[in-house]
Amino acid sequence: MLIGLCGGICSGKHAVAEYLIQQQNFRRLEVKTSAPPQFASDPRLHFSDTTNNTSGGEPSLVFENFGSLIDFATKRWQGRWVTTSIGDASTVDRFLQRPFFLLVSVDAPVSLRWQRFADRCRSRRLDPPSLEEFVLWNDKQLYEKDIGRAFLTDRAQVRLFNSSSSLEKLHAALKALNLADEQRLRPNWDQYFMELASLAAQRSNCMKRRVGCVLVRERRVISTGYNGTPRHLKNCNEGGCPRCNRGEGGGVGLSTCLCLHAEENALLEAGRERIREGAILYCDTCPCLTCTVKIAQVGISEVVYSQGYNMDSESAAILAAAGIRLRQFSPPRNGLIYLEEPDREEW
């Protein structure tokens, strides 16, 4: 596993790297680089984005170029490696092609990053910059054309918001998060099929909510479905279902709703003869009562969902009576993750 860390000045990426080295047996890989050209004239910025090997463990492995680093990690992909050397867009593409690579961005409020940077300057007996000067540096580092680093954040699979006020709190948050969870690299079957259900939901035309569903047997997709009006009728989002377009509350006027649910569409597409015993239904919302009785009728063995609905307990009771297993799936947290919720007075 290779974790790549990126982020703005004093966002905490090196602190995250040190945690992985100290607590989770990672080893640092770096590329020989000079100070970025826009910062080359100011010594205060030379150390802000350089590696500080304070872990006391094995020294960092330093490579002449990014290709050498990638080749080294590829041949030793079962090890645990971490780097803050990412490179340009083409290099990022090479990293992301590797199934063992996880790109993690680290960010923090600019005022907090300025305070961290000023403290670091004082510890090295350098004059800290003003907030305005720091903001200008930050904008250059992230957004200057052709050399800005903001593109890395856009590609990151995990985005950490590091407002931690101490290393102890940061380490506690990272321990709970467990960046080294290999499900982040390759989804397990539950995560894979649930992501397919969420993808199907993007095709929904229902004005009330988007829902997707996938029917699986022996780890093979039988059918997919999403909610919306039946074939040959005007789409719900074009006015095809008057009930949904009136914006009535959940559970109101269901008998007049023309939309088929995602589960119904998947069941109709598959047909009972293709479902058979052992089939699993994945849905990003817990089935309603109407869908639940149909699920019981066709012989589904298990229902897996990610989000609750307003009648979960009633649906659960019916599925239990029918001998159908129901469980909620919670994947590892990706996307934007707050490592510590900031206090109100800090804002």
Side-chain angles (χ1 to χ4, degrees), residues 1-33 35-36 44-63 66 69 72-73 76-87 95 100-110 112-124 126 138 141 149 152-153 156-182 184-185 332-334 336-340 342:
M1 182 179 200
L2 171 61
I3 294 180
L5 295 164
C6 61
I9 304 168
C10 281
S11 60
K13 53 188 177 294
H14 293 301
V16 175
E18 285 299 322
Y19 168 82
L20 293 171
I21 293 166
Q22 295 173 21
Q23 304 296 328
Q24 297 195 334
N25 298 317
F26 278 72
R27 189 172 181 185
R28 193 194 310 269
L29 309 179
E30 297 293 345
V31 171
K32 289 181 181 178
T33 56
R44 292 172 295 182
L45 282 158
H46 289 191
F47 63 79
S48 65
D49 284 317
T50 57
T51 297
N52 298 310
N53 188 18
T54 60
S55 62
E58 295 182 277
S60 303
L61 296 175
V62 182
F63 301 86
F66 292 103
L69 187 156
F72 175 89
R76 299 162 179 82
W77 62 271
Q78 291 179 312
R80 287 192 164 194
W81 313 105
V82 61
T83 185
T84 55
S85 298
I86 304 297
F95 275 114
F100 55 83
F101 179 71
L102 180 72
L103 181 60
V104 179
S105 70
V106 188
D107 200 2
V110 67
L112 179 57
R113 292 195 286 115
W114 170 61
Q115 291 172 5
R116 292 172 181 167
F117 188 85
D119 291 341
R120 188 178 294 180
C121 285
R122 294 187 189 99
S123 70
R124 296 170 186 247
L126 295 171
N138 178 73
Q141 194 239 12
R149 316 301 288 169
L152 291 172
T153 300
Q157 296 112 308
V158 181
R159 299 171 58 194
L160 305 180
F161 191 77
N162 173 28
S163 59
S164 299
S165 56
S166 69
L167 284 177
E168 291 76 13
K169 291 182 178 180
L170 174 63
H171 289 184
L174 289 171
K175 181 179 179 180
L177 180 62
N178 189 17
L179 280 175
D181 186 344
E182 294 194 356
R184 301 182 191 279
L185 298 175
R333 288 188 298 159
N334 284 350
L336 179 61
I337 301 169
Y338 284 77
L339 293 180
E340 182 186 52

Does the side chain to side chain contact (heavy atoms under 4.5 Å, CB included) test come out yes or no for Trp114 and Leu112, once each step is laid out? CA-CA 5 Å; Trp114 170 61; Leu112 179 57; over 6 Å; no
Please name the pair of heavy atoms, one in Gln157 and one in Leu103, separated by the smallest distance, quoted to 0.1 Å. OE1-N, 2.7 Å
What closest approach, in Å, do Cys6 and Thr153 show between heavy atoms, and which atom pair accounts for it? SG-N, 4.5 Å
Going from CD1 on Ile86 to CG on Leu152, what distance comes out if it is rounded to the nearest 0.5 angstrom? 6.5 Å
Min side-chain heavy-atom separation Ser166-His171 under 4.5 Å: no
Determine whether Arg28 and Glu30 make a side-chain contact, defined as any pair of heavy atoms from C-beta on separated by less than 4.5 Å. yes
Minimal non-hydrogen separation, Lys13 against Gly8, with atom names: NZ-O, 3.0 Å
So, do Leu20 and Leu174 sit near enough that their side-chain heavy atoms are less than 4.5 Å apart? no
dist Glu182:CD -> Phe100:CZ (nearest 0.5 Å) comes out at 12.0 Å
Can you name the closest pair of heavy atoms from Ala108 and Ser11 and give their distance? CB-O, 4.3 Å
On a heavy-atom basis, which atom in Val62 and which in Val31 lie closest, and how many Å separate them? CG1-C, 4.5 Å
For a side chain to side chain contact (heavy atoms under 4.5 Å, CB included) check, start with the C-alpha distance between Val82 and Leu2, then their side-chain angles and the critical distance, and finish with the verdict. CA-CA 5 Å; Val82 61; Leu2 171 61; 5.7 Å; no
Please check if the side chain of Thr83 supplies one atom and the backbone of Ser85 the other of a donor-acceptor pair under 3.5 Å. yes
Keeping the roles fixed (side chain from Arg27, backbone from Pro59), state whether a donor-acceptor pair exists under 3.5 Å. yes
Quick one, Leu170 and Asn162 - any side-chain contact, counting heavy atoms below 4.5 Å? yes
Taking the six-membered ring where the residue is Trp, are the ring centres of Phe101 and Trp77 under 6.0 Å apart? no
Can you find a heavy atom in the side chain of Val16 that is under 4.5 Å from one in the side chain of Ile3? no
Are the side chains of Arg159 and Ile337 in touch, meaning some heavy atoms are under 4.5 Å apart? no
Indicate yes or no: does Arg116 engage Asp119 in a salt bridge with an N to O separation below 4.0 Å. no
Does the side chain of Met1 reach to within under 4.5 Å of the side chain of Gln78, using non-hydrogen atoms? no
Parallel, tilted or perpendicular: which fits the ring planes of Phe72 and Trp81, with parallel below 30° and perpendicular above 60°? perpendicular
Are there over 12 heavy-atom neighbours, none belonging to Gln23, within less than 6.0 Å of that residue's CD? yes
Are the side chains of Gln24 and Asn178 in touch, meaning some heavy atoms are under 4.5 Å apart? yes
Exercise: identify the closest heavy-atom pair between Gln141 and Ile9: OE1-N, 3.8 Å
Could you check Phe95 against Leu69 for side chain to side chain contact (heavy atoms under 4.5 Å, CB included), going step by step and ending with a plain yes or no? CA-CA 10 Å; Phe95 275 114; Leu69 187 156; 3.9 Å; yes
